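Structure first, commentary second.
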Amino acid sequence: ESAEKSDRKLDYYQPEQDRYNARRLTLMSELKQAINNNQLSLYFQPKIDLGSNSVVGLEALIRWHHHRFGFVRPDEFIPIAEQTGIIKPLTRWVIKEALGVQQELLSEGHDIDISINISAKNLREEDFVSFVSETLASNPNNNHKITIELTETSMMEDPLKALQVLEGLSQPGVRLSIDDFGTGYSSLAYIKKLPANEIKIDKSLVFDLTSNIDDQVIIKTTIDMCHRLGFTVVAEGVESQHIVDILKSLNCDLIQGYYISPPLPLNKLKLWLSEMDDYAALA
Ligand code: C2E
Ligand code: MG
Ligand code: MG
Ligand code: MG
């Protein structure tokens with residue numbers, strides 16, 4: 001009888017779960033202030049053209065420097081932002097911040113596309129398209145080049161809505177990218193209709209490229225199909241020269257990954273970009 005009691009006790013008292021909930025509640029209650037208190041920042045990860053080895057873009061990836069928890073990853077707080085509605089001001093902050101950084105880089109001689117990740121929840125905001133258009137129009141750099149990344153899975157939450165908003169976003173200076181491709185269940189018929197410019201093959205498929213011949217066939221087929229539909233293909237999660245070589249042989253267009261560079265804070269990114277320039281000048 002006492003064993004049964006203690007079993008039951010375990011059902012009710014789960015310290016691990018408590019800790020997790022406490023952390024979650026803390027993050028939930030502090031995320032909104034984090035935007036105003038400058039605890040959020042953007043890191044940037046380069047996108048490289050496999051043909052020319054040049055930098056063709058930067059992906060903005062959000063970071064939260066929490067006063068107690070240290071770095072909190074977006075995979076943990078973006079879902080919280082989505083559940084609490086904070087995703088709306090958060091995405092708008094990211095867009096403005098990214099455009100500001102783009103302007104700053106331009107003034108230092110780096111004319112470069114910036115990719116911004118948005119959430120499926122943003123597609124439900126009535127004024128999302130007009131927010132993006134107005135923000136771009138009021139941007140001092142009227143030659144802005146941005147790419148909006150949306151995951152395949154989040155598009156499938158409401159495929160018709162996603163199509164409609166993406167059509168609205170599709171305007172001069174704005175490219176569209178389908179992120180984490182290959183992990184969702186979208187159909188070819190749907191993908192064909194999207195006004196997207198770019199497909200990003202999910203890193204889980206890229207990781208397996210060296211060990212798994214079937215995955216090479218899947219990626220080769222995906223790349224060929226995307227090319228026929230007119231999409232640029234990016235492979236994310238590239239961690240070795242071996243993977244670079246395989247992707248080159250499969251005609252992939254662009255790569256991103258720790259092998260090239262991890263996401264960097266702005267000051268480190270600037271150093272990285274100037275080293276790339278020096279390197280190009282030598283070559
Ligand atoms: P994502 O857009 O698919 O970004 C790629 C993720 O893979 C990033 O994680 C990046 O740091 C990581 N990564 C890049 N190269 C490598 C590699 O070679 N190996 C491995 N193992 N990982 C690599 P991160 O920065 O933690 O972001 C996770 C996800 O959070 C992003 O996935 C994106 O969906 C979301 N996210 C990030 N920033 C934002 C944002 O500003 N707004 C929204 N809505 N979502 C964001
Ligand atoms: Mg992305
Ligand atoms: Mg991705
Ligand atoms: Mg992802």
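Quantities reported herein were computed from a predicted structural model and do not represent experimental measurements.
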Residue pair Q102, H110: steps toward the side chain to side chain donor-acceptor pair (under 3.5 Å) verdict = CA-CA 8 Å; Q102 185 174 52; H110 302 289; over 6 Å; no
K32 atom NZ, over 12 foreign heavy atoms within 6.0 Å = no
Side chains of [X] and [Y]: does their closest heavy-atom pair fall under 4.5 Å?
X    : Y    : result
F231 : D253 : no
I62  : I78  : yes
D49  : I255 : no
H242 : L209 : no
R63  : L40  : no
I48  : V55  : yes
E198 : V233 : no
I178 : M155 : yes

Would you please say whether a donor-acceptor pair under 3.5 Å links the side chains of [X] and [Y]?
X    : Y    : answer
N117 : E59  : yes
S130 : S133 : no
N38  : H65  : no

Contacts of F181 meeting ring pair (Phe, Tyr, Trp, His ring centres under 6.0 Å) (sequence neighbours excluded), chain-then-number -> none
Kindly assign one of parallel, tilted or perpendicular to the pair Y43 and F71, based on the angle between their ring planes and the thresholds 30° and 60°.
-> perpendicular
Once the angle between the rings of H66 and W64 is folded into 0 to 90°, is it parallel (under 30°), tilted (30 to 60°) or perpendicular (over 60°)?
-> perpendicular
Least distance between heavy atoms, [X] atom then [Y] atom:
X    : Y    : value
P172 : H144 : O-NE2, 3.8 Å
T147 : S177 : CG2-CB, 3.6 Å
A98  : L42  : N-CD1, 3.7 Å
L163 : Y190 : N-OH, 3.9 Å
E152 : T183 : OE1-N, 3.5 Å
S170 : L176 : CB-CD1, 4.1 Å

Worked verdict on I199 versus T232 for side-chain contact (heavy atoms from CB on, under 4.5 Å) = CA-CA 6 Å; I199 299 274; T232 298; over 6 Å; no
With a 4.0 Å cut-off on N to O distance, would you call [X] and [Y] a salt bridge?
X    : Y    : value
E76  : R24  : no
K200 : E149 : yes
E157 : K121 : yes
R92  : E125 : yes
K88  : E126 : no

Please step through salt bridge (charged side-chain N to carboxylate O under 4.0 Å, His left out) for the pair K145 and D111, ending with a clear verdict.
-> CA-CA 9 Å; K145 292 179 282 182; D111 185 4; 3.6 Å; yes
Could you check T221 against Q216 for side-chain contact (heavy atoms from CB on, under 4.5 Å), going step by step and ending with a plain yes or no?
-> CA-CA 8 Å; T221 311; Q216 288 194 27; over 6 Å; no
Got a second to check how far [X]'s [atom1] is from [Y]'s [atom2], nearest 0.5 Å?
X    : Y    : atom1 : atom2 : answer
R175 : I114 : CZ    : CD1   : 13.5 Å
K270 : E275 : NZ    : CD    : 15.0 Å
E82  : L90  : CD    : CG    : 9.5 Å
E134 : N139 : CD    : CG    : 13.5 Å
I201 : D215 : CD1   : CG    : 11.0 Å
Q45  : I260 : CD    : CD1   : 9.0 Å

For the pair L58 and K47, evaluate side-chain contact (heavy atoms from CB on, under 4.5 Å) and give the outcome as yes or no after the intermediate values.
-> CA-CA 6 Å; L58 302 170; K47 268 186 201 175; over 6 Å; no
Answer yes if [X] and [Y] sit in the same cluster of Ile, Leu, Val, Met, Phe, Trp and Tyr residues linked by side chain heavy atoms under 4.5 Å apart, and no otherwise.
X    : Y    : value
I219 : V217 : no
I213 : I223 : no
Y259 : L254 : no
L61  : L264 : no
I80  : F69  : yes

Could you check N122 against T91 for side chain to side chain donor-acceptor pair (under 3.5 Å), going step by step and ending with a plain yes or no?
-> CA-CA 8 Å; N122 296 129; T91 301; 2.9 Å; yes
Can you tell me if N37 uses its side chain to pair, donor with acceptor, with the backbone of Q39 under 3.5 Å?
-> no
Backbone N or O of L150 within a donor-acceptor pair of the S154 side chain at under 3.5 Å?
-> no
Table please: side-chain donor-acceptor pairs of residues 243-250 below 3.5 Å, with sequence neighbours left out.
| unit_1 | atom_1 | unit_2 | atom_2 | d |
| --- | --- | --- | --- | --- |
| D245 | OD1 | Q241 | NE2 | 2.9 |
| S249 | OG | I246 | O | 2.7 |

Decide side-chain contact (heavy atoms from CB on, under 4.5 Å) for I116 and L99; before the verdict, give the C-alpha distance in whole Å, the side-chain angles of both, and the deciding distance to 0.1 Å.
-> CA-CA 10 Å; I116 294 160; L99 284 168; 5.5 Å; no
Side chain to side chain donor-acceptor pair (under 3.5 Å) assessment of T135 paired with K96 = CA-CA 7 Å; T135 306; K96 287 186 177 154; 5.7 Å; no
